Amino acid sequence: MTSIQQQRDTRHGRRALVAGSVGNLIEWYEFGVYGYFATIIAARFFTPEGGSEAEALVKTYASFALAFFFRPVGAALFGRLGDRIGRRPVLVLVITLMTVATALIGALPTQAQAGALAPWLLTFLRVLQGLSAGGEFGGAVSVMTEFAPPGRRGLYGSLQSFTVALGLLAGAGAAALLATVLTAEQLGAWGWRLPFLLTLPLGLGALWLRLRLDETPAFVARRSEETPAPREVVRAVVLGAGRIMGWAAAGYTFLVVLPSYLQSSLGATFQQALVATVLANLGFAATIVPAGLLSDRLGRRAVMVSGAVLVVVLAVPLLNLLQQPGVSDTVKGAAVCGAGAVVGLLAGPGPAMLSEMFPARVRCTGLGLAYALSNAVFSGCAGLIITETIERTGSMDVPAYYAAAACAVSVPALLTLPSTRRAGVAKAGVERAG
């Protein structure tokens, strides 16, 4: 390879990293904002005359979960397009849909203004977000890992997960800033709209970056590959979903559901809950890229199994620390930071692991469906399941049990990964367990 070709490949790879990850940042910024403002959204859209706050919060999380259940639909629809017409046009389409839907949430009339129509309009926009988010992951991860140099897919893929942390931190930062400069009345009346409206300029910038993106070499060369049998693709999708279910459940439990849990169950203020969330996401962000890089050297299995086992062992003790009034704020801060750091061990190698399970002909569809299905069940339902279970049982340990149980079930699927670093991805067929 000539130096000119190397420079061109490096430039294309860096452009792919930025263009692929920026949409993911916006997506998780919005989902984070929705989670952080869950109690305010519940009061504005899901609290009818005489309704309870707990009932409204459950309905808010039900809308949250509904968006996740449309992710597999979006993954199948946009993934199929990405495998047929190219990664670039699909990434352009999904960022446009996500931006428009998110900005419109910031302009919606509340239940006091539009009556029963308000929650239905919000739910419709959440569905559109779910569709676009379903197509985002498969297209973005395909682009980033297909442009990655040999032996660097773990690192490149981890940057996709890193933007999850950046998006959640940006959402928490926006919420914390508004909670600081606005009164509670202002925040509830109109301040909550501002983070959603901010998505419009962010989305336009992401759209410009993606319009300048080149198509990946793997997509161009996909015609030389053998088409895998549908049953093998389905089997790999199910296996992939099982491998990341712990990541999905633990990630949303500790990084998104935590603020509402601290407020509704432990009596924390909005500001205290946001500080805890920022610390959790800082811990998450700190381990993602090192975990991805380490998986390039040691293999995906060693790193991801370690992360899942640590969640199983540490989830309950870490949550118990938060529940004890005599524990210092420093210790509690270290606990939530550590919880986020453990999730990073799963999220760092995760994108590359999924990408390596599918050949280019079905990669967008396969990895997108595996991710979307796992997140629909174990992330989208996290807030709903945790809130409802606490309401029914009175147990404050429900979030820890939920995350630990999902990781425990995920471990056997992760153990089917190769024990050492793989030199390449699936070529003629999808990965077989064993």
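Position 1 is the first residue of the sequence, and the numbers go up from there. Basis for what follows: all heavy atoms, side chains included, without hydrogens, waters or symmetry-related copies. These figures come from a predicted structure and were not determined experimentally.
- Of all heavy-atom pairs spanning Leu321 and Ala335, the tightest one is CD1-CB, 4.0 Å.
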Met357 and Leu239: side chain to side chain contact (heavy atoms under 4.5 Å, CB included), yes or no, with the steps?
CA-CA 9 Å; Met357 291 181 67; Leu239 179 59; 4.1 Å; yes
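- Contact detail for Ala75 and Leu369: the closest heavy-atom pair is CB-N, 3.7 Å.
- Nearest heavy-atom pair across Pro217 and Phe147 is CD-CE2, 3.7 Å.
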Evaluate the criterion side chain to side chain contact (heavy atoms under 4.5 Å, CB included) for residue pair Thr99 and Leu204; output intermediate values, then yes/no.
CA-CA 8 Å; Thr99 300; Leu204 291 175; 5.6 Å; no
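- Annotation: side chain of Ser395 is not in contact with side chain of Thr389 (no heavy-atom distance under 4.5 Å).
- A salt bridge links Arg87 with Glu146: at least one charged nitrogen is closer than 4.0 Å to a carboxylate oxygen.
- Relative orientation of the Phe45 and Trp192 rings is perpendicular, given thresholds of 30° and 60° on the angle between their planes.
- Side chain of Thr365 to backbone of Gly79: a donor-acceptor contact under 3.5 angstrom is found.
- A donor and an acceptor atom, one from each side chain of Thr102 and Thr199, are nowhere located under 3.5 Å apart.
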Determine, stepwise, if the pair Arg361 / Asp83 fulfils side chain to side chain contact (heavy atoms under 4.5 Å, CB included).
CA-CA 6 Å; Arg361 274 187 174 274; Asp83 288 329; over 6 Å; no
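- Within the 3.5 Å criterion, the main-chain N or O of Asp397 finds no donor-acceptor partner in the side chain of Tyr402.
- Under a cut-off of 6.0 angstrom, the local environment of CH2 in Trp190 is crowded, with over 12 non-hydrogen atoms contributed by other residues, nucleotides or ligands.
- Comment: Glu30 engages Arg126 in a salt bridge, judged by a side-chain N to carboxylate O separation of less than 4.0 angstrom.
- Counting only distance, with no hydrogens or angles, the side chain of Ser142 and the backbone of Gly138 share a donor-acceptor pair below 3.5 Å.
- Counted by atom type alone, Arg300 and Ser295 present one or more donor-acceptor pairs between their side chains at under 3.5 Å.
- The backbone N or O of Gln160 lies less than 3.5 Å from a partner atom in the side chain of Thr163, making a donor-acceptor pair.
- Of all non-hydrogen atoms in Arg243 and Ser410, the two that sit nearest each other are O-OG, 2.9 Å.
- Side chain of Thr287 to main chain of Ala341: a donor-acceptor pair is present (N/O by atom type, distance under 3.5 Å, no hydrogens or angles).
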List the steps, then state whether side chain to side chain contact (heavy atoms under 4.5 Å, CB included) holds for Ser161 with Asn24.
CA-CA 8 Å; Ser161 291; Asn24 193 59; over 6 Å; no
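- Between the side chain of Arg153 and the backbone N or O of Met144 there is no donor-acceptor pair closer than 3.5 Å.
- Side chain of Gln113 to main chain of Thr110: a donor-acceptor pair is present (N/O by atom type, distance under 3.5 Å, no hydrogens or angles).
- Using modelled atom types, one side-chain atom of Arg210 and one backbone atom of Leu91 make a donor-acceptor pair closer than 3.5 Å.
- Put simply, the side chain of Val181 reaches to within 4.5 Å of the side chain of Leu177, judged on heavy atoms.
- In terms of heavy atoms, Leu159 sits closest to Ser21 at O-CB, 4.3 Å.
- Remark: the backbone N or O of Thr183 is paired with a side-chain donor or acceptor of Gln186 at under 3.5 angstrom.
- No salt bridge links Glu136 with Arg71; every basic N to acidic carboxylate O contact stays at or beyond 4.0 Å.
- Here the closest heavy-atom approach between residue Thr145 and residue Ser355 is recorded as OG1-OG, 2.8 Å.
- For the side chain to side chain contact (heavy atoms under 4.5 Å, CB included) with Val311, the qualifying choice from Val411, Val342, Leu345, Thr253 is Val342, the only one to do so.
- In this structure, Arg193 places its CZ atom where more than 12 heavy-atom neighbours from other residues, nucleotides or ligands lie under 6.0 Å away.
- No donor-acceptor pair under 3.5 Å is formed between the side chain of Lys332 and the backbone N or O of Pro325.
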